[in-house]
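Notes for the one structure printed next.
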Amino acid sequence: METKRSFIDGVNPEEELINEGAKWLQAGELVAFPTETVYGLGGNALDASACAKIFEAKGRPQDNPLIVHVCDRAMANNLVEVWTPVAELCVQHFWPGPLTLVLPKTVNVPDIVTAGLDNVAIRMPSHLVALRLIEKAGLPIAAPSANLSGKPSPTIGSHVWRDMRGKIPLILDAGACLVGVESTVLDVSGEVPTILRPGGISKEQLEAVLGEVQVDAPTDNQAPRAPGMKYRHYAPRGEMILLSGPHERVVQRLGHEIRRGHARLKKVGVLCSLESAPLLHNWFPDLLFVLGSKDRPEEVASNLFEGLRLCDERGMDLILAEGIAERGLGTAIMNRLQKAAGHRILHI
Ligand code: AMP
Ligand code: MG
């Protein structure tokens, strides 16, 4: 299939491009579009065969359910059987935005969307292109991240182009996504809200509005409640190690690991903070990618997946990543880094 990549204005989206995207969606085809978190691979959530194409294009395991994107409450009402009081609070405070709510589904939601679960995951994105596209199509849009399954999520149009070229008819490219990590998935079907996946809205932000918030922390023989959390995600091709601990010691150890990598004839890429970069030049890593200031996790989040992808593109055999404090958005960043590293973590 020939893929068209159209550049669209994120602030004043061109009407003819929105119309074109909406037509493909109504015809049961897939369109990649920007959201404030990452790029989504969208299909009509009410059409099981359109949703099947999403799984196929991504190579996504069938047991990993899809998040449905809506543009208003009426559209959400058609998909959700029961709105709990805590869900209402979330809608008031965090929609549109990077918070996905898990709630009991209506019969309108095909089984393929929820992978057979009784709950549906639903979100109203804040990106104007996403909102206009959903509104114009007049359909709820199932949209996982627009990457090949297992790879880092796409945060710029060229990431999508690389992964989805030849598989879908249209990519709407509006440049970089603001947040850079995926939405927080919050189960609000019960009394105490539970984070199933950390993301763009932090636990601290949720607690300020909702009070007690739990985190789904499955033990070794338990399945996570968000099925997707069991898969190795965001994985670059090279071996990856995450280093976490006090800043000075991490920098020292990074230098040591670069040298060890070179001694093993590895091409070594380093993903580090703005503060560490000047201290690492002298160790001559093959790629030194600055994620952002360690005190500005929003910056780190927005550069994270580009850094991981660049390591692949430049053929790094060994990737060393500097950790970040696990609070606020830092929790989601560390979750992605840990997965990318296949849980090879050095606590220093
Ligand atoms: P992605 O769209 O690739 O960012 O991943 C969506 C995440 O939401 C995955 O971890 C899914 O397992 C999770 N998810 C989607 N739908 C549900 C649901 N109905 N119940 C629990 N988790 C879900
Ligand atoms: Mg994904």
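Every number for a ligand or one of its atoms is a count from 1 in the order of the listing.
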#### Entry: Side-chain (Gln26) to main-chain (Ala137) donor-acceptor, under 3.5 angstrom
yes
### Task
Kindly determine whether Arg225 and Asp187 satisfy salt bridge (Lys or Arg N to Asp or Glu O under 4.0 Å), including the steps that lead there.
CA-CA 9 Å; Arg225 279 160 62 187; Asp187 187 332; 3.0 Å; yes
### Task
May I ask you to list the atoms of ligand 1 that are less than 4.0 angstrom from any heavy atom of Ser145?
2 (O), 3 (O)
### Task
Considering heavy atoms of the protein only, find what lies nearest to atom 2 (O) of ligand 1 and give residue, atom and distance to 0.1 Å.
Pro144 CA, 3.2 Å
### Message
Within this structure, what is the CG-CZ distance for the pair Leu131 and Phe33, rounded to the nearest 0.5 Å?
### Response
9.5 Å
### atom 22 (N) of ligand 1: nearest protein contact (heavy atom, Å)
Ala226 CA, 3.5 Å
### Task
Report the nearest protein non-hydrogen atom to atom 19 (N) of ligand 1: residue, atom name, distance rounded to 0.1 Å.
Asn119 O, 2.9 Å
### Message
Is the contact between Val38 and ligand 1 made by the side chain, the backbone, both, or neither, using heavy atoms and a 4.0 Å cut-off?
### Response
neither
### Query
Is the shortest distance from a Lys or Arg side-chain nitrogen in Glu313 or Arg309 to a carboxylate oxygen in the other one below 4.0 Å?
no
### Task
Give the numbers and elements of all ligand 1 atoms closer than 4.0 Å to a heavy atom of Ala121.
15 (C), 16 (N), 17 (C), 19 (N)
### Proximity of Lys58 to ligand 1 by residue part, where a heavy atom lies under 4.0 Å
neither
### Query
Hey, is there an N, O or S on Ser145 sitting under 2.8 Å from the Mg ion (ligand 2)?
yes
#### Entry: Carboxylate-amine/guanidinium proximity below 4.0 Å for Glu20 and Lys23
no
#### Entry: ligand 1 versus Arg225: contacting region, heavy-atom distance under 4.0 Å
backbone
### Query
Does any N/O atom on Thr114 come nearer than 3.5 Å to any N/O atom on ligand 1?
no
### Message
So for Arg60, does at least one of its heavy atoms come nearer than 4.0 angstrom to any atom of ligand 1?
### Response
yes
### Task
Decide yes or no on salt bridge (Lys or Arg N to Asp or Glu O under 4.0 Å) for Arg162 and Asp312, but give the supporting numbers first.
CA-CA 12 Å; Arg162 220 156 285 149; Asp312 266 358; over 6 Å; no
### Message
Would you say that more than 12 heavy atoms from the other residues, nucleotides or ligands in this model lie under 6.0 Å from the CD of Glu248, or not?
### Response
no
### Message
Ignoring hydrogens and geometry beyond distance, is a side-chain donor-acceptor pair present between Ser145 and Glu182 at under 3.5 Å?
### Response
no
### Query
With a cut-off of 4.0 Å, which atoms of ligand 1 are near a heavy atom of Leu196?
21 (C)
### Query
To the nearest 0.1 Å, how far is atom 20 (N) of ligand 1 from its closest protein heavy atom, and which atom is that?
Leu117 CD1, 3.6 Å
### Query
For ligand 1, is any non-hydrogen atom under 4.0 Å from Thr100's backbone (N, CA, C, O), its side chain (CB onward), both, or neither?
neither
### Task
Provide, to 0.1 Å, the distance between atom 12 (O) of ligand 1 and the closest protein heavy atom, together with that atom's residue and name.
Gly228 N, 2.7 Å
### Task
Do me a favour and list the nearest non-hydrogen protein atom to atom 8 (O) of ligand 1 with residue, atom name and distance?
Val185 CG2, 3.7 Å
### Query
Which of the numbered atoms in ligand 1 are below 4.0 angstrom from a heavy atom of Asn64?
9 (C), 11 (C), 12 (O)
### Query
Hey, are Ser183 and Thr37 close enough side-chain-wise for a donor-acceptor pair under 3.5 Å?
no
### Query
Short N/O distance, under 3.5 Å, between Ala143 and ligand 1?
no
### Task
Only one of Arg60, Met164, Lys58, His159 passes side chain to side chain contact (heavy atoms under 4.5 Å, CB included) with Asn147; say which it is.
Lys58
#### Entry: Option from Val129, Ile171, Leu128 for which side chain to side chain contact (heavy atoms under 4.5 Å, CB included) with Ile8 holds
Val129
### Query
Is Glu36 salt-bridged to Arg123, going by a charged N under 4.0 Å from an acidic O?
yes
### Summary
The closest protein heavy-atom partner of atom 17 (C) of ligand 1 is Pro65 CG, 3.4 Å
### Task
Give the residue, atom name and distance (to 0.1 Å) of the protein heavy atom nearest atom 7 (C) of ligand 1.
Arg197 NH1, 3.7 Å
